[in-house]
Amino acid sequence: QVQLVESGGGLVQAGGSLRLSCAASGLTFTRYTMGWFRQAPGKEREFVAAISWSSASTRYADSVLGRFTIAKDNAKNTVYLQLNSLKPEDTAVYYCAADATRYDAYNSASPNDYDYWGQGTQVTVSS
């Protein structure tokens, strides 16, 4: 059974940092694009970042580019999201997701392309 379990969320002041983790089990980790999405109350789920099998390819939403960093450790079946220079508008539930792909360089920004999802972890940024 495929499971994605997130951790690392919390409350932080504007300008602060958090590191989110997502531990994956039940899948061949190196054959999946891993992504992070977020959803604020009353809003649609939006793309944050994604990383390909070997970590050779990454992509970011314009709103987080230069502030957030996605990484993965295949040996540990874990994907990370480092959140720096946090802003109040970053407040949301953050979800990790896995997308089965054929190509290492491909990483989707569409939530509809992802096959498995974690339970989410809350990030709250105060002003």
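Just so we're clear, the structure is a prediction, and the values are computed from it rather than from any experiment.
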Under 3.5 Å donor-acceptor, [X] side chain and [Y] backbone:
X      : Y      : result
Asp113 : Ser108 : no
Tyr60  : Ile70  : yes
Thr91  : Thr124 : no
Glu6   : Gln119 : yes

Could you give the distance from [atom1] ([X]) to [atom2] ([Y]), rounded to the nearest 0.5 Å?
X     : Y     : atom1 : atom2 : answer
Met34 : Ile51 : CE    : CD1   : 10.0 Å
Leu81 : Leu18 : CG    : CG    : 9.5 Å
Arg67 : Ser85 : CZ    : OG    : 7.0 Å
Ser63 : Glu46 : OG    : CD    : 5.5 Å
Arg38 : Cys96 : CZ    : SG    : 15.5 Å
Lys76 : Ser21 : NZ    : OG    : 9.5 Å

- prompt: Got a sec, which residues hit side-chain hydrogen bond (donor to acceptor under 3.5 Å, both in side chains) with Arg19, two or more places apart in sequence or on another chain?
  reply: none
Criterion side-chain hydrogen bond (donor to acceptor under 3.5 Å, both in side chains) against Trp53, the qualifying member of Asn107, Asn74, Thr101: Thr101
- request: Could you list who else is in Val93's hydrophobic cluster, with ILVMFWY side chains joined at under 4.5 Å, directly or through other members?
  value: Phe37, Phe47, Tyr95, Tyr114, Trp117
task: Considering non-hydrogen atoms only, spot the tightest contact between Asp104 and Ala56 and give its length.
output: OD2-CB, 4.3 Å
